[in-house]
Amino acid sequence: MARYLVTSAIPYINGIKHLGNLVGSQLPSDVYARYLRGRGHEVMHICATDEHGSPAELAAQKAQKPVAEYCAEMHDVQAGLADGFRMNFDHFGRSSSPQNHELTQHFAAQLAKQGLIAEVEEHQIYSVTDGRFLPDRYVEGTCPNCGFDSARGDQCDNCTKQLDPTDLINPRSTISGATDLEVRATTHLHLKQSQLRSELSDWIEGKHDWPLLTTSIAKKWLNDGDGLQDRGITRDLDWGVPVPDLPGKVFYVWFDAPIAYIAATAEKFDDWERWWRTDKGADDVTYVQFMGKDNVPFHTLSFPATIIGSGEPWKLVDYIKSFNYLNYEGGQFSTSRGRGVFMDQALSVLPSDYWRWWLMSNVPETSDSQFTWENFQAGCNKDLADVLGNFVSRVTKFCRSKFGEEVPDGPLGETEQALVEELTRRVTLYEGHMQAMEFRKATAELRSIWVAGNEYLQEAAPWAVFKQDPEQAAGIIRLALNLCRFYAALSVPFIPDASAMLATSLNTNLDWPEDVAAALDTLKPGHAFTVPENLFAKITDEQREDWQERFQGR
Ligand SMILES: [Zn+2]
């Protein structure tokens, strides 16, 4: 038994995430954490909402709510959706928690003590009417490129040109509409990441087992152009972790968000340091992070710079599993155009197991992958309904009709011995893929394990054997009922609801089958069970067409 700390990239607070976000962070993280728990390891599984920054303030403004209230509400929405998808987080925290305020300020103070913080004078837009400096997105005006009259300070939404707030013609404050804006000097803090470049480089170079996607992105940021740059860690906002000694400023969201992994653990657990401080017990912890590729620079460089630069014995990540993008029907998911399936919509049309299975068997591991309704329908119908669901249904119903709802007694033969050997080999492969977080290979192997049961049943043909030799048919069915339990246990990481339902019907537990032969002899003759409800209904063509239409966007 080992100890694993598992974190999912934390979703930003302003709105509900789509399936592409889900499959790149929370879902694989949950699959892995569930697998580790199944194997008896001690696991701490953490996620949170990322709540600071100007997009949160602006979204709150749009919703006409105070930002703290908006974030509290959206946190509950996102935590509810995580529950709906059966994420078994030990805690789903908030980056706005008091624990994160304290830890973020602590890290900044430590970094300053180590000489890694610089005070830099910047020139920024100040609104006299509002009495404050305005971050990029708080300034709007006419685009110097296309003449669009509502271009934002960071970008023009009409022509997509990247802008600086001072580029805008007739700039105004988005807070008050004030036009009495002027450029003033102000002090910001920068993290001197460039001084940690060689240390970070040595650390990344030593990670031979990391996915190429992870290390290649890290090395690009370390080495391209002038190499790793110093970076501002403060902003002129009200909402955030206040910067001591710099009134009106808060820490930049990229700085405080990853610290929330630690803080979220501390929100819930008094003994959180045994997971996060190598001087307090975390030296035997394996720390694994899950994220989409856009988050890799922050987790391979910025957050490690904070950890290493602090000079304190904080736990550094041991493995970063990163993902490419999931696209939607030949294009991208789009929040603004309502294109694609978002987490709340997904659960409104089908239970989470369908989504979990399909997304993980099509996870964008080595390249971008694509969600299409045709593939989704075909994959769910074939794997879940035809292979797994059908097996369970045939076996339990046949048993009920011939032997009643209890496990019958009968002999096993050579066919069963061969099956045990095949499954032993396949389970070892499956475990290897799960441990290595190779999820496409893992789902393919699990599917093969389900198929092996169907092929066995086809070959053993208990319905035919029953006519000549009911006792032999009873032996086949006893093994097949044990296979149902075996499948439920192995499938927990991907389809936890179906597994739980099956365990309840079979009146058994979901202990991991450490020894296949023993696992297939768990349900003894006389053990009572009930025939489960149909595990997976097939997705019809009408449903598919309806959903295709509904989620195509504007
Ligand atoms: Zn423009």
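Quick caveat: nothing in here was measured; it's all calculated off a predicted structure. Counting convention: from 1, in listed order, for ligands and their atoms alike.
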Open item on the list: Ignoring hydrogens and geometry beyond distance, is a side-chain donor-acceptor pair present between His433 and Tyr35 at under 3.5 Å?
Closed with: no

Open item on the list: Taking the cut-offs as 6.0 angstrom to the six-membered ring centre and 45 degrees off its axis, would you call Arg152 and Tyr138 a cation-pi pair?
Closed with: no

Open item on the list: Any side-chain to backbone donor/acceptor pair from Gln78 onto Tyr12? Under 3.5 Å, distance only.
Closed with: yes

TODO: Answer yes or no on whether Lys249 is positioned over the face of Phe133, meaning its NZ or CZ is under 6.0 Å from the six-membered ring centre and within 45° of the axis.
DONE: yes

Open item on the list: At a cut-off of 2.8 Å, what protein N/O/S atoms sit near the Zn ion (ligand 1)?
Closed with: Cys143 SG, Cys146 SG, Cys156 SG, Cys159 SG

Open item on the list: Quick one about Asp256 and His101 (side-chain donor to acceptor, distance below 3.5 Å, no hydrogens or angles considered), yes or no?
Closed with: no

For residues 162-171, which side-chain N or O atoms pair as donor and acceptor with protein atoms under 3.5 Å away, sequence neighbours left out?
residue	atom	partner	partner atom	Å
Asp164	OD2	Thr166	OG1	2.9
Asp167	OD2	Asp164	N	2.9

